[in-house]
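Just below is one structure, and these are the notes that go with it.
Computed from a predicted model, the values in this text were never measured in an experiment. Chain naming here is simple, since letters A, B, ... match the order of the sequence lines and numbering starts at 1 in each.
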2 protein chains.
Amino acid sequence: MARKTKEDAELTRKSIIIAAREVFLIRGVSRTTMEHIATQAGVTRGAIYWHFTNKTEIFQAMREQVFLPLIDRMDDTLLVDNSQNPLVQIENFLCGTIQLLNNSLETRQIYEIMMIKCEYVIEFSVVLQEILLTCSGIEEKLCFTYEKAKEQGLLQPSHEPAQLAIDTQLFFIGLLHMWVKDSDGNHFRNRAIKLIKAHMSLIIR
Amino acid sequence: MARKTKEDAELTRKSIIIAAREVFLIRGVSRTTMEHIATQAGVTRGAIYWHFTNKTEIFQAMREQVFLPLIDRMDDTLLVDNSQNPLVQIENFLCGTIQLLNNSLETRQIYEIMMIKCEYVIEFSVVLQEILLTCSGIEEKLCFTYEKAKEQGLLQPSHEPAQLAIDTQLFFIGLLHMWVKDSDGNHFRNRAIKLIKAHMSLIIR
DNA sequence: GTGTTTACATTCGTATATGTATGTATAAAC
DNA sequence: GTTTATACATACATATACGAATGTAAACAC
């Protein structure tokens with residue numbers, strides 16, 4: 001085939017990432033070959049090797065599509081907007097993430113891939129480090145917001161912001177994992193918002 | 001080589017499972033070949049194909065070594081022994097799991113493999129179902145124990161046992177995931193017991 | 001003590017995956 | 001308008017993995 005314009009090339013690059021996501025989801029990352037992705041994208045392996053050096057690079061490109069927005073949204077909800085009750089801010093952030101998963105097929109699939117369709121071996125240790133870093137950031141911002149809540153007397157006096165931050169974070173990590181694994185949806189997927197509200201109600205004064 | 005006795009054969013079977021665990025941990029389940037396992041176990045692929053039909057069967061054999069004891073211990077701690085304060089029972093169960101992970105290299109590695117070195121594709125959907133079932137069981141038993149606590153007036157009146165059970169379960173799932181991912185150990189591994197106690201202190205009246 | 005089965009090792013055929021090298025038509029640069 | 005770099009497709013060489021088939025020597029049943 002003939003050469004494409006720069007815009008066309010960018011389209012094929014995007015379509016490769018989309019195809020990779022679709023195949024990763026079904027076959028898992030390790031078992032997916034370049035040929036699988038190529039077929040799904042309607043191109044040849046040559047096209048893929050032109051845009052990416054290997055599978056890991058495709059994975060990373062896919063991952064950035066969800067992680068960068070997550071951090072942005074977190075900053076917006078927890079740090080920037082100070083008009084709300086801090087506890088409501090936290091609840092909004094958590095519920096917002098769930099709603100994002102419900103509304104965006106792309107986000108949902110990428111989370112699923114990262115959580116149960118990917119093996120974090122040495123080759124992916126960079127990814128694992130970044131995940132841990134992101135979690136640290138979340139904890140920090142949750143802690144900051146719980147501190148605001150404490151200052152405003154919204155917490156029970158015995159509760160420490162740092163403890164609450166970790167507890168909420170671990171609760172939410174657990175929820176996300178079960179959300180993803182809960183294929184029929186009746187155990188966690190449909191109840192996620194309720195569970196978040198219940199969690200927050202355990203904390204409120 | 002010559003034929004072994006039945007006891008010797010059982011030993012090689014065990015050594016294959018051990019070898020698989022070691023290789024799974026380093027290379028991930030998908031990327032591990034029968035040859036890798038064979039080399040690690042000091043046998044040939046022929047031996048492996050004699051004892052197991054495929055890799056999934058080895059994985060299942062490995063997994064049973066930790067899941068059956070988990071359920072037993074859960075029953076012992078939460079259901080059988082009624083001499084203790086129910087909230088202490090729950091704390092003991094959670095802390096006991098962490099201590100088991102600390103003390104048993106084998107358990108630790110198998111958890112790590114199941115959580116971040118394995119891709120849950122269709123082939124492993126049975127495993128995923130079993131995990132969900134185990135989680136349902138945990139939730140149920142936690143709920144039962146929290147109900148005992150409520151009857152004894154140990155909970156805040158506004159707290160419902162069912163909600164607490166899910167909250168604790170999700171907290172613990174999150175904790176286990178971060179425990180496994182926390183390679184340097186400073187964020188979650190060393191603090192796990194403290195975090196559990198903090199979580200329980202949020203619940204107590 | 002002989003026959004049979006067991007517990008593997010060895011060998012073989014086939015399939016599949018990877019990365020690179022090369023070919024090529026065209027968009028873009030000049 | 002010519003040249004050059006781009007955006008792929010195609011072809012090739014190499015490596016690896018699987019499962020089955022076959023071989024084999026010793027344990028076990030009798």
Side-chain angles (χ1 to χ4, degrees), chain A residues 1-62 113 117-119 121-124, chain B residues 1-62 113 117-119 121-124:
Chain A
M1 200 190 284
R3 185 185 170 188
K4 308 280 190 64
T5 65
K6 271 188 183 295
E7 294 80 37
D8 283 343
E10 187 54 28
L11 279 178
T12 50
R13 195 190 120 93
K14 292 248 173 75
S15 76
I16 289 168
I17 297 177
I18 292 173
R21 169 162 51 86
E22 291 162 350
V23 188
F24 284 164
L25 193 73
I26 297 170
R27 316 186 72 105
V29 176
S30 313
R31 302 167 110 84
T32 295
T33 71
M34 294 304 223
E35 185 63 37
H36 292 143
I37 300 174
T39 306
Q40 180 78 10
V43 297
T44 63
R45 278 179 31 243
I48 298 184
Y49 277 110
W50 172 256
H51 286 286
F52 305 93
T53 59
N54 53 34
K55 209 166 59 176
T56 310
E57 214 177 279
I58 305 178
F59 180 85
Q60 285 283 16
M62 181 194 75
I113 291 166
K117 311 281 185 177
C118 173
E119 295 173 0
V121 290
I122 326 103
E123 194 183 339
F124 282 79
Chain B
M1 201 190 282
R3 184 183 170 190
K4 308 280 191 64
T5 67
K6 271 187 182 294
E7 295 80 36
D8 282 342
E10 188 53 29
L11 278 178
T12 51
R13 197 190 119 94
K14 291 249 173 74
S15 77
I16 289 169
I17 298 176
I18 292 173
R21 168 162 51 86
E22 290 162 349
V23 189
F24 284 164
L25 192 74
I26 296 170
R27 316 185 71 105
V29 176
S30 314
R31 301 165 114 78
T32 296
T33 71
M34 295 304 224
E35 183 62 37
H36 292 143
I37 300 174
T39 306
Q40 180 77 11
V43 297
T44 64
R45 280 189 313 127
I48 298 185
Y49 278 111
W50 173 256
H51 286 285
F52 306 92
T53 60
N54 53 33
K55 209 166 58 176
T56 310
E57 214 177 279
I58 305 179
F59 180 85
Q60 287 282 18
M62 181 194 76
I113 291 167
K117 311 282 186 178
C118 173
E119 296 174 0
V121 289
I122 326 104
E123 193 183 341
F124 281 79

For the student: nearest non-hydrogen atoms of A/I58 and A/A20, plus distance: CG2-CB, 3.5 Å
DNA chain D contacts among residues 9-17 of chain A, heavy-atom distance under 4.0 Å: A/A9, A/T12
Heavy-atom donor-acceptor pair, B/E119 side chain to B/S30 backbone, under 3.5 Å: no
Pairing residues for B/F24 by the ring-ring contact (aromatic ring centres under 6.0 Å, His included) criterion, not counting sequence neighbours: none
Heavy-atom pair of closest approach, residues A/C118 and A/V29: CB-CG2, 4.0 Å
Donor-acceptor contact present, side-chain B/N54 to main-chain B/E57, <3.5 Å: yes
Residues in contact with DNA chain C, drawn from residues 45-56 of chain B - heavy-atom cutoff 4.0 Å: B/R45, B/G46, B/A47, B/W50, B/H51
Non-neighbouring partners of A/I17 that pass side-chain contact (heavy atoms from CB on, under 4.5 Å), sequence neighbours left out: A/R13, A/F52, A/A61, A/M62, A/Q65
Watson-Crick or G-U stems of DNA chain D, 3 or more pairs, under 3.5 Å, by first number: C:1-30 with D:1-30
Sequence-distant partners of A/S15, side chain to side chain donor-acceptor pair (under 3.5 Å), two or more places apart: none
Close residues, residues 23-35 of chain B, relative to DNA chain C [heavy-atom separation under 4.0 Å]: none
Length of the line joining A/D8:CG and C/dA25:P, which is rounded to integer Å: 18 Å
Pairwise N/O distances under 3.5 Å, protein to nucleotides 27-30 of chain C:
from   : atom 1 : to   : atom 2 : distance (Å)
C/dA27 : N3     : A/R3 : NH1    : 2.5

Residues in side chain to side chain donor-acceptor pair (under 3.5 Å) contact with B/T32, at least two apart in sequence or another chain: none
Pairs flagged by salt bridge (charged side-chain N to carboxylate O under 4.0 Å, His left out) wherever residues 20-42 of chain B is involved - sequence neighbours left out: A/E123-B/R31, B/E35-B/R45
Shortest non-hydrogen contact from A/A19 toward A/Q40: CB-CG, 3.6 Å
Atom of B/I37, atom of B/V23 and distance for their closest heavy-atom approach: CA-CG2, 4.4 Å
Chi angles and distances behind the side-chain contact (heavy atoms from CB on, under 4.5 Å) call for A/W50, A/T12: CA-CA 11 Å; A/W50 172 256; A/T12 50; over 6 Å; no
Interatomic spacing from NZ in A/K14 to CG in A/L11 - rounded to 0.5 Å: 7.0 Å
Side-chain donor/acceptor of A/K4 to backbone N/O of A/E10, under 3.5 Å: no
